[in-house]
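Notes follow once the structure below has been shown.
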Number of protein chains: 2
Amino acid sequence: MSTRDKIIDASIKNFLIFGYDNTSLSTIAAEVGIKKPSIYYHFKNKEELFIVSVNHIFDSLENYVSDSIKNVSSSYEMLENIFLSLIDFNKNLSYIVGNNHSEPVNLYNLFHFGKNKYVYIRERIDKYYNYLRSTIMDIIKMGQKNKEIRKDLDKELLTLQIISWIEGFFALSSIYSYFDIYDMYQSLYDNMWKMITTQTKPKKGFFNRKANPKTISLGTKW
Amino acid sequence: MSTRDKIIDASIKNFLIFGYDNTSLSTIAAEVGIKKPSIYYHFKNKEELFIVSVNHIFDSLENYVSDSIKNVSSSYEMLENIFLSLIDFNKNLSYIVGNNHSEPVNLYNLFHFGKNKYVYIRERIDKYYNYLRSTIMDIIKMGQKNKEIRKDLDKELLTLQIISWIEGFFALSSIYSYFDIYDMYQSLYDNMWKMITTQTKPKKGFFNRKANPKTISLGTKW
DNA sequence: GTCTATACGCAGATAGAC
DNA sequence: GTCTATCTGCGTATAGAC
């Protein structure tokens, strides 16, 4: 692993734990095992380091989602797998930052900060949600065609709603002590499916879960 | 308006715009029209100022919600009014921070930061969500009794889901450029109601909206 | 209650040796 | 590529006069 990559890894970890402002280059350098000025050989400044870090997170996030729906075909399973892939991703981040999966990591805050500070990150965020939106919309279209999903719900709106819901689960889970998405995701998904499906009982598919979150790296570029 | 109150107002504004770390006491003092050391006469330190500010926001938030359901009776209207009261609240904050309602303010980030830093704020957040949860649960119970709301959805779970959804709408709206909760709230609510109701067409109630967000103060304690 | 003056620390960043 | 030494700026906070 190159020094550059080590710096990026340590940066991601620190940005996630402390946020941009409370992350200091001295700490990152110490974790990598170098001195602060050496960082400046690899990166122009803190801002560049931040942008590179956030970009890596997004690349990895998109990989998680697209991998999750490769080997399933029903809309029920695809939506569930997307949901699960996001949970896995967050669990992995929790593991990386060392909070033992106890609660989702503060991804949203980092994105929001980045969005307001750098146009490039705003665009990267939009690209990610555009991807998620078109992916989920295709699943819904398919589900409506197969009569798995209710046709009286507008597909554009339903897509945005599903994305919002999932974001909301993570958000609430990270601020409200009595709500734990890791405990409840199965009932949350079942309940959601009940609302959007035409079937009285969904046909429960059997599919492979990713085995052990701890062993999964953050993405191809890592 | 006392100097102390002016300081609190300016603090809330700055914390919302810049976050805790990037808010400087010099700026707050300048906006109030005093010098930095004078702040220390009214507050022990920056932390105390932060806690007081966040607490004011929560008191105000709870007032908005509880006021919104005072004069309506159906579960359809009550849920809609809660949703609308949160939108109004966020619009008012947007107005205060001066972004012209263009997007929701960064409330969630501030809460998350505060929660991790101070036990007191964690408890205050939990108290708020406990209040919201019990309020919405009562509405759902009533709706299920009146046959307005589906009985095959678990009321505990549905309550947490509705809260998550609303949080998610605000979250997504503040990071994804193509999603605007202020534009879409009516369709979002209609679609949500379609999913949780037993009726094919909801009886649309007529109720008073708060007239002009710009004229509403942030709460009784302000 | 509010001020001027100031202490102190730590951040990001650069110069230049090796 | 990495280091030591150092610059510069801004933050919170305090002392003490008025």
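The chains referred to below are lettered A, B, ... by the order of the sequence lines, with proteins before strands, and numbering in each begins at 1. The model shown is predicted, which means the values in this text are computed figures rather than measured ones.
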Inset, instruction - Name the closest nucleotide to the B:N45 side chain, picking from D:dG11, D:dA13, C:dA11. - result: D:dA13
Legend entry - Nearest to side-chain heavy atoms of B:P37, which nucleotide of D:dA15, D:dG1, D:dG11: D:dA15
Inset, instruction - Calculate the interatomic distance between A:F18 atom CZ and C:dA11 atom P; express it in whole Å. - result: 11 Å
Legend entry - A:N191 and B:D154: side chain donor to acceptor below 3.5 Å: no
Legend entry - Rounded distance (Å) that lies between atom C1' of C:dA13 and atom NZ of A:K36: 8 Å
Legend entry - Nearest-nucleotide comparison on DNA chain C, the residue closer to the 5′ end among B:K35 and A:K46: B:K35
Inset, instruction - Would you indicate what B:D21 reaches in the nucleic acid, counting non-hydrogen atoms under 4.0 angstrom: base, sugar-phosphate, or nothing? - result: nothing
Legend entry - Side-chain donor-acceptor pair present, A:Y108, B:S174, cut-off under 3.5 Å: yes
Inset, instruction - Give one of base, sugar-phosphate or nothing for A:T23, where a contact means two heavy atoms less than 4.0 Å apart. - result: sugar-phosphate
Legend entry - Residue-phosphate contact under 4.0 Å: B:S38 side-chain N/O, C:dC3 OP1/OP2: yes
Inset, instruction - Quickly work out the A:N22 CG to C:dC10 P distance and round it to whole Å. - result: 13 Å
Legend entry - Distance, rounded to the nearest Å, where B:L25 contributes CG and C:dC8 contributes P: 20 Å
Legend entry - B:Y41 side-chain N/O to C:dT2 phosphate OP1/OP2 under 4.0 Å: no
Inset, instruction - Ignoring backbone atoms, test whether A:T3 places a side-chain nitrogen or oxygen under 4.0 Å from the OP1 or OP2 oxygen of D:dT2. - result: yes
Inset, instruction - Round to a whole Å and report the spacing from NZ of B:K44 to C1' of D:dT12. - result: 14 Å
Legend entry - Basic-acidic side-chain contact under 4.0 Å: B:D126, B:R133: no
Legend entry - Nearest-angstrom distance from the residue atom OH of A:Y40 to P of D:dC3: 15 Å
Legend entry - Qualifying residue for side-chain contact (heavy atoms from CB on, under 4.5 Å) with B:L49, from B:Y40, B:F43, B:Y20: B:F43
Inset, instruction - Can you tell me the distance, in whole Å, between the CD1 atom of A:I39 and the C1' atom of D:dT4? - result: 16 Å
Legend entry - Atom pair NZ/CD of A:K141 and A:E156 - distance to nearest 0.5 Å: 8.0 Å
Legend entry - Upstream residue (5' side of DNA chain C) when A:T27 and B:I34 are each assigned their closest nucleotide: B:I34
Legend entry - Spacing between B:F50 atom CZ and D:dT12 atom C1', to the nearest angstrom: 16 Å
